[in-house]
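Computation of the quantities below employed the complete heavy-atom set of this structure, encompassing side-chain atoms and omitting hydrogens, waters and symmetry-equivalent molecules. In this chain, numbering begins with 1 at the start of the sequence shown.
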Amino acid sequence: MISMHKINKSFGDKTVLREVSFHVAEREIFGLLGPSGAGKTTIINILTNQVIPEGGKHEVGATPMETGLMLEEDGLYKRLSLTENLNLFAGIYGVERAKVMQALKSVGLENDAKLQVSKLSKGMRQRLALARAILHSPKVLFLDEPTASLDPTTAKGIHQLIGGLRDKGTTIFLTTHNMEEAVDLCDKVALLNHGVIVEYGSPKEICDRHDSYKTVPDLGSVFRKMTGVKVQ
């Protein structure tokens with residue numbers, strides 16, 4: 001459903017991605033893990049055709065109208081209410097406006113539907129951006145750190161929502177620097193460090209490959225051992 005093969009990307013003299021390759025199956029949650037600056041957002045921007053790579057191939061098995069995006073820049077209209085923001089996108093996607101309240105409810109914002117976006121906290125804006133991304137029941141969903149800035153209870157609710165979307169047939173590609181989130185949510189993960197994928201597989205497979213002492217390593221300890229980088 002989503003793939004990259006030997007993708008490279010530089011900005012000026014800085015090489016951001018080096019020979020990046022992976023495959024995401026249909027109805028799978030794929031997690032791209034790494035610290036800030038590792039190249040995670042650049043990969044999403046390439047897959048969504050916002051950035052042109054240098055060599056290699058990439059593919060997404062969905063049209064733009066079948067794709068949902070929740071990116072770092074949320075693109076929300078600050079002077080409009082939550083409902084008015086989603087109504088605009090409902091019109092673009094040809095979605096019944098009755099689904100707007102359903103989307104807000106799914107992220108816990110139904111009681112704030114008439115609030116102006118400028119009055120929202122960062123976490124509430126993030127949830128609104130997610131509601132917009134899932135409004136049209138996308139075939140493929142890209143989420144750039146979907147639970148950053150959220151409290152644990154709200155994050156758990158978002159995890160349940162994401163898992164439910166996968167169960168209904170959505171293929172989900174998410175970036176995170178939270179190892180616990182990746183283990184809880186993802187069928188497959190790739191560990192990215194300085195633009196290079198240093199490990200790829202299910203969380204269990206990755207841990208098993210590095211379990212030379214027959215212990216129970218966690219994904220965070222594997223990442224630190226391979227890169228020297230501390231992540232959550």
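- Look at Lys188 and Glu205 and you find no salt bridge, because none of the NZ, NE, NH1 or NH2 atoms lies under 4.0 Å from a carboxylate O.
- Among all heavy-atom pairs drawn from Leu76 and Arg132, the shortest one is CD2-NH1, 3.5 Å.
- Checked by atom type and distance alone, the side chain of Arg127 pairs as donor or acceptor with a backbone atom of Val107 at under 3.5 Å.
- At least one donor-acceptor pair under 3.5 Å links the side chain of Glu54 to the backbone N or O of Ser10.
- When side chains are defined from C-beta on, Ile92 does not count as touching Leu88, because their heavy atoms never get closer than 4.5 Å.
- Electrostatic pairing of Arg27 and Asp187 does not count as a salt bridge here, judged by no charged N lying under 4.0 Å from a carboxylate O.
- By the rule that hydrophobic residues join a cluster once side-chain heavy atoms approach within less than 4.5 Å of another member, Phe89 and Leu71 end up as members of separate clusters.
- Remark: Ser118 engages Gln116 in a side chain to side chain donor-acceptor pair (under 3.5 Å) (not counting sequence neighbours).
- The shortest side-chain heavy-atom distance between Val198 and Leu192 does not fall under the 4.5 Å cut-off.
- Put simply, the side chain of Asn8 gets close to the backbone of Glu19: a donor and an acceptor are under 3.5 Å apart.
- For the pair Lys9 (side chain) and Gly195 (backbone), a donor-acceptor distance under 3.5 Å is absent.
- Between Leu141 and Leu69, the shortest heavy-atom contact is CD1-N, 4.4 Å.
- Side-chain contact between Asp112 and Met124: present, with at least one pair of heavy atoms (C-beta onward) separated by less than 4.5 Å.
- Thr147 places no side-chain N or O within donor-acceptor distance of the main-chain N or O of Leu150, the cut-off being under 3.5 Å.
- A donor-acceptor pair shorter than 3.5 Å cannot be found between the side chains of Asp74 and Gln126.
- Using modelled atom types and a 3.5 Å distance limit, the side chains of Glu181 and Thr176 yield a donor-acceptor pair.
- Within the 3.5 Å criterion, the main-chain N or O of Ser81 finds a donor-acceptor partner in the side chain of Glu84.
- Annotation: side chain of Val117 is not in contact with side chain of Arg79 (no heavy-atom distance under 4.5 Å).
- In this structure, Thr170 contributes its side chain and Arg166 its backbone to no donor-acceptor pair below 3.5 Å.
- Looking at heavy atoms from C-beta onward, Leu86 lies in side-chain contact with Leu104 at the 4.5 angstrom threshold.
- The nearest pair of heavy atoms linking His23 to Tyr200 is O-OH, 2.7 Å.
- Residue His58 comes nearest to Asn49 through the heavy atom pair NE2-OD1, 3.5 Å, listed as atom of the first residue, atom of the second, then distance.
- At distances below 3.5 Å, at least one donor-acceptor pair connects side-chain atoms of Asn85 with backbone N or O atoms of Tyr77.
- Close placement of the Phe173 and Phe22 rings is indicated, their centers lying within 6.0 Å of each other.
- A 4.5 Å side-chain heavy-atom check between Thr67 and Lys139 finds every atom pair outside the cut-off.
- Annotation: side chain of Arg18 is in contact with side chain of His194 (closest heavy-atom distance under 4.5 Å).
- For the pairing with Leu130, the side chain to side chain contact (heavy atoms under 4.5 Å, CB included) check across Leu161, Leu109, Leu135 returns one residue only, Leu161.
- In terms of heavy-atom proximity, Phe30 sits nearest to Cys186 at C-SG, 4.2 Å.
- Taking every heavy atom of both residues into account, Ser106 and Ile134 meet most closely at OG-CD1, 3.6 Å.
- With a 4.5 Å cut-off on side-chain heavy atoms, Ser21 and Met4 do not count as touching.
- Qualifying side chain to side chain donor-acceptor pair (under 3.5 Å) partners for Thr154, counting only residues two or more places apart in sequence or in other chains: Asp151.
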